[in-house]
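Notes for the one structure printed next.
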2 protein chains.
Amino acid sequence: MAKPVSGRAELLPLLGEVFRAHGYEGATLSLISEATGLGKGSLYHFFPDGKQQMATEVLAEIDGWFEVNIFAPLRSSGDPEAAVAAMIEGVDRYFRSGRRVCLVGVIALGASRDMFAVQVHDYFKRWNDALSRLLSRSGLGARAARQRSTDALLTIQGALVLARALDDPAIFRRALSDVSERLLAPPD
Amino acid sequence: MAKPVSGRAELLPLLGEVFRAHGYEGATLSLISEATGLGKGSLYHFFPDGKQQMATEVLAEIDGWFEVNIFAPLRSSGDPEAAVAAMIEGVDRYFRSGRRVCLVGVIALGASRDMFAVQVHDYFKRWNDALSRLLSRSGLGARAARQRSTDALLTIQGALVLARALDDPAIFRRALSDVSERLLAPPD
DNA sequence: GACTCTCTGTACCGATCGGTACAGTCTCCG
DNA sequence: CGGAGACTGTACCGATCGGTACAGAGAGTC
């Protein structure tokens, strides 16, 4: 076994960028082949089930990144202010201040949503749960916490759309600072 | 001339739903043919430049609908409260309370953005201008007005993404009511 | 009834789609 | 050094892609 897992691990981010840029249906095998430098032979060696498996594993990798870098810290933190700041910072880095698009969001909007419905649903639900529980722990009512949390997630997604549509990354940065403020505002 | 323009007008909404559901790249000619009941012959009779022309005209039609039903009322109104309420109501109807996706947003996220960059940019810019000027007229500073307006647009887009991802239209309705509230809040 | 012009279905085009087959190359291990 | 198994490129598959060609169908005009 030469480098079975490590090669695969280096592959997923490359695949992710192709899916991000072209969506699931738009990401053709030849685009993927070009982006990775791998022929179909190698691609199908790593992913015997083809495109769908590639997308599934890319989504799982993204999910894993957020689990470690965003969700888990949210769950274990006792300091809402620091936790929210860390989340915002992580999100800003991940989305390159609005210049990078959210693959999970892209898939949610497209026809391939049904194919990946469970993964897409899970990703946002776990984020929402982790964030709203942090807010609850900090003294907010369950309903208000859930509401603020949902508002935060949707603002991030919308900011990515609008920043790209208007080609203005400042929209994303500003939206993140709004999110932070609304999340940490005193109870109504 | 049998019914040259009227047939075309009936065609565009059908085309719009196909692009909405599958994105630009995912909307194949056969999907379009099936949705409209028209063969390629007819399709290329109405749209000699093919798929790209279809999408361009669909975007123009959507733009026209928003111009008449959303942007113009925003521009001509002197009553911010009524104007915002009318906008929210129109948006809720148009997006079928979150069950329908925004084609302009879908295209903004995809690889076809570059192809339609001008139309996408224009759509959001004109909405943003109309809304922020309404807010300015009502006494808000230009900077704050622009900020609140941008926040409103991005919240609507994000709510569409999240409502679809979590398969929960209530997210959209709730987001609209938040938008309304933040738009009409007293100056900080 | 002949002519015009809008509209339509069908057959077809080369290119590309996602996927398969397979012979080879490389590397590690004994 | 020889075999095993991980990897790779190439040729190929049937299906479908977006688009074109074209012969008609149908309705309106004279």
Side-chain angles (χ1 to χ4, degrees), chain A residues 1-59 103 106-107 110-116, chain B residues 1-59 61 103 106-107 110-116 119:
Chain A
M1 44 181 109
K3 41 172 184 166
V5 181
S6 80
R8 189 192 204 79
E10 293 159 18
L11 221 43
L12 289 177
L14 267 0
L15 292 180
E17 293 310 318
V18 180
F19 283 120
R20 233 183 278 276
H22 298 92
Y24 181 73
E25 14 268 335
T28 66
L29 269 278
S30 58
L31 239 23
I32 293 172
S33 187
E34 190 186 344
T36 58
L38 257 34
K40 290 188 184 184
S42 311
L43 256 12
Y44 274 84
H45 170 72
F46 287 115
F47 308 97
D49 290 336
K51 236 175 100 168
Q52 181 163 356
Q53 184 183 1
M54 296 180 205
T56 299
E57 294 201 16
V58 166
L59 284 175
L103 177 58
V106 168
I107 287 186
S112 51
R113 184 197 67 153
D114 296 351
M115 197 179 268
F116 305 104
Chain B
M1 44 181 107
K3 42 171 185 165
V5 181
S6 81
R8 190 193 205 76
E10 293 158 18
L11 221 43
L12 289 177
L14 268 0
L15 257 21
E17 294 310 318
V18 181
F19 284 120
R20 233 182 277 277
H22 299 92
Y24 181 73
E25 15 267 335
T28 67
L29 269 276
S30 58
L31 238 22
I32 293 172
S33 188
E34 189 186 347
T36 57
L38 256 35
K40 289 188 184 182
S42 311
L43 256 12
Y44 274 83
H45 171 72
F46 287 115
F47 308 97
D49 290 336
K51 238 177 98 166
Q52 182 164 354
Q53 185 183 0
M54 297 182 205
T56 300
E57 295 203 16
V58 166
L59 283 175
E61 204 227 5
L103 177 57
V106 168
I107 287 185
S112 51
R113 184 197 67 151
D114 296 350
M115 196 178 269
F116 306 105
Q119 283 184 282

Taking atom [atom2] of [N] as reference, at what distance in whole Å does atom [atom1] of [X] sit?
X	N	atom1	atom2	answer
A:E10	D:dC7	CD	P	12 Å
A:Q53	C:dG18	CD	P	16 Å
B:D49	D:dG18	CG	C1'	13 Å
B:F46	D:dG19	CZ	P	17 Å
A:E34	C:dG18	CD	C1'	17 Å
A:K40	D:dT8	NZ	P	16 Å
A:Y44	C:dG19	OH	P	3 Å
A:L43	D:dC7	CG	C1'	12 Å

Output yes when at least one side-chain N/O atom of [X] is less than 4.0 Å from OP1 or OP2 of [N], else no.
X	N	answer
A:S30	C:dC17	yes
A:T28	C:dT16	no
B:H45	C:dC7	yes

How about [X] and [Y]: do any of their side-chain heavy atoms sit closer than 4.5 Å?
X	Y	answer
A:S33	A:L43	yes
B:Q52	B:D49	no
A:L14	A:I32	no

**Message:** Could you work out how much the helix from C:dG1-D:dC30 to C:dG30-D:dC1 bends, comparing the axis of its first five pairs with that of its last five, to 10°?
**Reply:** 0°
**Item:** Main-chain N/O of A:S30 paired with A:K40 side-chain donor or acceptor, under 3.5 Å
**Value:** no
**Prompt:** B:F19 vs B:Y24 aromatic rings, parallel, tilted or perpendicular, using cut-offs 30° and 60°?
**Reply:** parallel
**Request:** Step through the shown structure and confirm whether more than 12 heavy atoms of other residues, nucleotides or ligands are within 6.0 Å of CD on B:Q53.
**Result:** yes
**Distance-only donor-acceptor test, B:K51 side-chain atoms vs D:dG19 base atoms, 3.5 Å** = no
**Prompt:** A:F47 ring centre to A:R8 NZ or CZ under 6.0 Å, with the angle to the axis within 45°?
**Reply:** yes
